[in-house]
Structure formats: C-alpha cells, structure tokens
Amino acid sequence: MKYKQKHPETCLAKCLMILLENKLQKRIPDKYEIDLLNYSFKHERENIARGHIEKVVKDFKVSFNWYIDSKIFFDFIKKEHFSKKIKLINKKINSKFIDTILDNSLIIYLDRFYLWEKSHGLYYKYHYPHFVIINKRVNDDYEIIDPDDGKIKLVPKNILSKAIISLKNHLWISPHIIKIEK
C-alpha cells in the first residue's frame, strides 16, 4: 500500500485505510480516501473525525475505541448518537498512556509542526493539526507512518509529547487516539 495521502485534508482517511488494510488483510480502493472525506463533509459539521469513523464502521465489520483528551469536547461528542461499534473514552493522552495501549497500531491527532524536517520545505514550518499512525515503540522512539509524505519514521518520545501538548495548548484542539478494537 502507498502510505501517502492524496489531498491535504485526508490524513485521517489515509490512516484509517492503512489500519483497515492491516486488520482485514485486503486492499481498500484508493477512491475510498476521498469518499471518507466527502462523507464527513456532508454529515459532520462539528467533528470531521466522527464522520470518518462512522462511515468506516458502516462499511466494514470493525469496532473502534476513540480516546478523547478534553473533557469538554468529550462531553460534547458523547451527546450525539453513535454506532454501538464506537466506544468513546475520556482519557488524558500522553506518551505514558500511549505505551499502555500500544499493542497494535493506532491513530493519533497531533500538531504536525514537531514532525517538521528540513527536507520538507516551508509548508511544514507552521502549526497544523494532523493525524498519523503510531506502529510501535522502539526504545525511546515511536515508529510512525506519516501520511503527509508517506514515510515511516522514528520520532523521539519527547518530540511526540511536544506535538500532543502543542495541539492542545497552542492550537486549542483536543488530542485524540483512534484504535481498531481487536
């Protein structure tokens, strides 16, 4: 599978497709990436992630744990009617928590600024919310798949922590973790 997203706004769609292909051991058509985004735009105004997850649950036989850091955002989201295949959990998201649930790959929402590499050019020099996949822990680093450039990278634990904290404190957006249940 190609790991690179097709559109600047499809990082979550691409991450979900990667996890689905790994879980189901079957190819997900490339057009599904844009289908997920379009579905979310039509159905979810306040939270695009919800639309993505709802469509995946509807289209495939999978269940999700959706961890949300902010209690305010969690309370707002849980008022909505969800599929029973989506379990909402309010949990402080940090590297310590990630380590406790990282038995298989998961999707995390963070500030992409901290993933910046000089080779990427100017576009990465700005704070912007972004979904990536964390595959596993490797010593004090995390192996991630970054759908923006399609690369597998090792990110130091302290850098990942900064990216999570910055999403919350700099961009004022709640960190999330989305994980397919076993």
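Please read these numbers as outputs of a predicted model, since none were measured by experiment.
With a 4.5 Å cut-off on side-chain heavy atoms, Pro175 and Ile108 do not count as touching. Side-chain contact between Phe131 and His52 is absent, with no heavy atoms from C-beta onward closer than 4.5 Å. Tyr32 places a side-chain heavy atom less than 4.5 Å from the side chain of Val56. Using a 4.5 Å heavy-atom cutoff, the side chains of Ile48 and Leu37 are in contact.
The 12-atom threshold is exceeded at NZ of Lys85, counting heavy atoms of other residues, nucleotides or ligands nearer than 6.0 Å. Applying the 6.0 Å contact sphere to CG of Asn139 captures no more than 12 heavy atoms from other residues, nucleotides or ligands.
Here the CD1 atom belonging to Ile159 is positioned 11.5 Å from the CD1 atom belonging to Ile164, to the nearest 0.5 angstrom. Rounding to the nearest 0.5 angstrom, the gap separating the CG atom in Leu167 from the OG atom in Ser70 is 10.5 Å. Once rounded to the nearest 0.5 Å, the distance linking CD of Glu9 with CD1 of Ile34 reads 10.5 Å. One finds the CZ atom of Phe73 at 11.5 Å from the CG atom of Asn90 (value rounded to the nearest 0.5 Å). In this structure, CD1 on Ile107 lies 5.5 Å from CG on Leu12, to the nearest 0.5 angstrom. For the atom pair NE2 (His81) and CD (Glu54), the distance works out to 11.5 Å, reported to the nearest 0.5 Å.
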| task | Determine, step by step, whether Asn65 and Leu106 satisfy the side-chain contact (heavy atoms from CB on, under 4.5 Å) criterion, reporting the C-alpha distance in whole Å, the side-chain angles of both residues, the deciding distance to 0.1 Å, and the verdict. | result | CA-CA 10 Å; Asn65 287 334; Leu106 55 84; over 6 Å; no
| Going through the checks in order, is the side-chain contact (heavy atoms from CB on, under 4.5 Å) test met by Asn104 and Asn22? | CA-CA 10 Å; Asn104 57 353; Asn22 290 340; over 6 Å; no
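Put simply, the residue from Lys92, His176, Lys168 that forms a side chain to side chain donor-acceptor pair (under 3.5 Å) with Asp69 is Lys168. Paired with Asp146 under the rule side chain to side chain donor-acceptor pair (under 3.5 Å), one option of Lys151, Arg112, Lys153, Lys4 passes, and it is Lys153.
In terms of hydrophobic clustering, with Ile, Leu, Val, Met, Phe, Trp and Tyr side chains grouped at heavy-atom distances under 4.5 Å, Leu154 and Ile18 are assigned to different clusters. Side-chain heavy atoms closer than 4.5 Å link hydrophobic residues (I, L, V, M, F, W, Y) into clusters, and following such links, possibly through other members, connects Phe74 to Phe76. Criterion: ILVMFWY side-chain heavy atoms under 4.5 Å apart, direct or through other members. Under it, Ile152 and Leu19 are part of a common hydrophobic cluster. Both Phe64 and Phe60 are part of a single hydrophobic cluster, where members link through side-chain heavy atoms under 4.5 Å apart. Hydrophobic clustering of Ile, Leu, Val, Met, Phe, Trp and Tyr side chains at less than 4.5 Å, counting indirect connections, unites Ile93 with Leu102.
In terms of heavy-atom proximity, Ile145 sits nearest to Val132 at O-CB, 3.5 Å. Taking all atoms of both residues into account, the shortest heavy-atom contact from Ser105 to Ile133 is CB-CG2, 3.9 Å. Counting all heavy atoms, side chain and backbone alike, Leu88 lies closest to Lys78 at CD1-CA, 3.7 Å. Residue Lys157 comes nearest to Arg137 through the heavy atom pair CD-NH2, 3.6 Å, listed as atom of the first residue, atom of the second, then distance. Shown here for Ile86 and Ile53, the closest heavy-atom pair between the two residues is CD1-CG2, 3.5 Å. Across every non-hydrogen atom of Leu20 and Ile180, the tightest pair is N-CD1, 4.2 Å.
One N or O on the side chain of Asp111 and one on the backbone of Tyr128 form a donor-acceptor pair closer than 3.5 Å. With Lys179 contributing its side chain and Ile101 its backbone, the two residues share a donor-acceptor pair below 3.5 Å. Of the possible polar contacts, one joining the Glu21 side chain to the Ile28 backbone as a donor-acceptor pair under 3.5 Å is found.
Classified by interplanar angle (parallel below 30°, tilted 30° to 60°, perpendicular above 60°), the ring pair Phe113/His127 is parallel. Taking the six-membered ring for Trp and thresholds of 30 and 60 degrees, Phe97 and Tyr67 have ring planes more than 60 degrees apart, a perpendicular arrangement.
The existence of a salt bridge linking Lys79 and Asp75 is excluded, since no basic side-chain nitrogen approaches an acidic carboxylate oxygen closer than 4.0 Å.
Asp99 and Tyr142 form a side-chain donor-acceptor contact under 3.5 Å, judged by distance and modelled atom types alone.
Note that Lys162 lies outside the cation-pi zone of Tyr114, set by a 6.0 Å cut-off to the ring centre and a 45° limit from the axis.
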